[in-house]
There are 2 protein chains.
Amino acid sequence: MKDLMQEEKKGFVRKTRQRELILKTLRSTNSHPTADWIYERVKKEMPNISLGTVYRNLGTLREMGEIMELNYGSKFSRFDGNPENHYHFVCTKCGKVMDVEGCSVDREVDEMVARENNVEVFFHRMEFYGLCSDCKEK
Amino acid sequence: MKDLMQEEKKGFVRKTRQRELILKTLRSTNSHPTADWIYERVKKEMPNISLGTVYRNLGTLREMGEIMELNYGSKFSRFDGNPENHYHFVCTKCGKVMDVEGCSVDREVDEMVARENNVEVFFHRMEFYGLCSDCKEK
DNA sequence: ATGAAAAAGATAATGATTACTATTTTAAAT
DNA sequence: ATTTAAAATAGTAATCATTATCTTTTTCAT
């Protein structure tokens with residue numbers, strides 16, 4: 001019987017070795033890597049994996065809420081294995097992306113924005129731009 | 001004499017009809033348009049303008065601090081004719097980008113982040129994600 | 001007005017991401 | 001354990017926003 005299950009998003013997500021390796025790899029770094037970086041890394045352990053598979057699974061993992069996709073500067077996406085919402089710092093010189101410490105997410109800001117702009121707010125993001133510790137030395 | 005002027009960025013920026021029209025067009029809307037939207041709009045007044053010229057000038061205007069380039073969702077850039085730093089709301093359903101009212105930029109947050117993370121902060125950005133007034137009706 | 005530098009216009013190239021397709025794998029039902 | 005249909009993979013081609021290239025035109029200081 002075509003029942004309730006059919007109401008789900010798009011069928012059903014199966015567990016695969018590829019996706020598990022991709023997630024493990026992304027979770028093992030805090031460098032906010034690109035899809036290509038992950039591909040190169042994962043290929044060492046699973047040489048036949050396809051770049052398309054990496055992209056497809058990063059998309060799936062994002063939809064599952066397991067990871068975040070970041071778009072600073074438009075050229076290409078970066079991925080963050082930490083799905084909890086947190087802020088980022090982007091170095092305008094070397095392009096490095098880091099997690100920001102010591103800045104708490106203020107949930108009531110969302111409510112204020114929702115009220116003032118007649119919208120519904122799910123979450124917000126915040127990025128700080130400047131020179132990272134390495135680049136500001138020079 | 002090759003003098004101080006040579007120290008400048010990249011020579012010297014000349015005034016062109018094309019760039020002025022592009023800036024005027026961008027300043028005349030608050031819809032945060034894409035490069036292609038601007039191109040189509042500008043073409044009505046200057047039919048021979050090239051898409052490359054639009055991109056080149058949007059880049060120049062950004063470097064001049066006259067406009068902002070926004071990258072939410074990675075697919076393509078949007079441009080904002082308001083160069084003063086302000087926050088944005090992105091509708092996760094229809095993709096519309098709006099300015100956020102009633103949320104003041106807290107400059108001391110930058111200082112805190114700089115202190116806690118040993119970086120230099122020039123500015124920050126903030127984006128709220130959710131449903132716009134149109135989309136939340138349905 | 002003149003000339004060198006800068007920008008435009010037209011078009012090709014780039015490159016990250018997505019789409020396509022035949023084959024393989026997963027996992028539920030037998 | 002075997003079967004089977006759906007889902008995912010590998011490999012490759014296609015997409016498309018953005019850049020680069022190159023020749024001609026325009027700008028602007030002299």
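What's counted below: heavy atoms across the whole structure, side chains too, no hydrogens, waters or symmetry copies. Naming convention: chains lettered A, B, ... in sequence-line order (proteins, then strands); numbering from 1 in each chain.
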May I ask you to decide if B:G81's main-chain N or O and B:R27's side chain share a donor-acceptor pair within less than 3.5 Å? yes
Would you say C:dT24 has OP1 or OP2 under 4.0 Å from some side-chain N or O of A:N48? no
Look at all strands and tell whether B:N57 reaches a base, only sugar-phosphate, or nothing, counting heavy atoms closer than 4.0 Å. sugar-phosphate
Please state how far atom CG in B:L21 lies from atom C1' in C:dG9, giving the value in whole angstrom units. 15 Å
Considering only heavy atoms from C-beta outward, does the side chain of B:L58 approach that of B:L26 to under 4.5 Å? yes
Could you tell me whether the phosphate oxygens of D:dT18, OP1 or OP2, come under 4.0 Å of any side-chain nitrogen or oxygen in B:Y55? yes
Taking atom P of C:dT14 as reference, at what distance in whole Å does atom CZ of A:F76 sit? 18 Å
Between the base of D:dA8 and the side chain of A:R56, is there a donor and acceptor pair under 3.5 angstrom? no
Give a yes/no answer on whether the side chain of B:S77 brings an N or O atom under 4.0 Å of OP1 or OP2 in D:dT18. yes
Report yes if at least one side-chain N or O of A:S50 is closer than 4.0 Å to OP1 or OP2 of D:dG11; otherwise report no. no
Measure from CZ on A:R78 to P on C:dT17 and round the result to the nearest Å. 11 Å
Nearest whole Å is fine: how far is C:dT25 P from A:I49 CD1? 14 Å
Indicate whether OP1 or OP2 belonging to D:dT26 is found under 4.0 Å from a side-chain N or O atom of B:Q18. no
Does a side-chain N or O from A:R19 land closer than 4.0 Å to OP1 or OP2 of D:dA8, or not? yes
Would one find a side-chain N or O of B:K15 under 4.0 angstrom from OP1 or OP2 of D:dT26? no
Between D:dA17 atom P and B:F79 atom CZ, what is the distance in whole Å? 13 Å
side-chain hydrogen bond (donor to acceptor under 3.5 Å, both in side chains): pairs with one or both residues in residues 113-123 of chain B, sequence neighbours excluded: A:K136-B:N118
Quick check for you: among D:dT19, D:dA6, D:dA10, whose closest atom lies nearest to any side-chain atom of A:R14? D:dA6
Between the side chain of B:R62 and the main-chain N/O of B:I67, is any donor-acceptor distance below 3.5 Å? no
In whole Å, what is the span from the NZ atom of B:K43 to the C1' atom of C:dG9? 13 Å
Is it the case that the side chain of B:T53 and the backbone of B:I49 share a donor-acceptor pair, with hydrogens and angles ignored and the cut-off at 3.5 Å? no
Go through the N and O atoms of the side chain of B:T16 and the base of C:dA7, and report whether any donor-acceptor pair is under 3.5 Å. no
Could you state the atom-to-atom distance from CH2 of B:W37 to C1' of D:dA17 in whole Å? 18 Å
Atom-to-atom span, CG of A:L58 to P of D:dA8 - whole angstrom: 15 Å
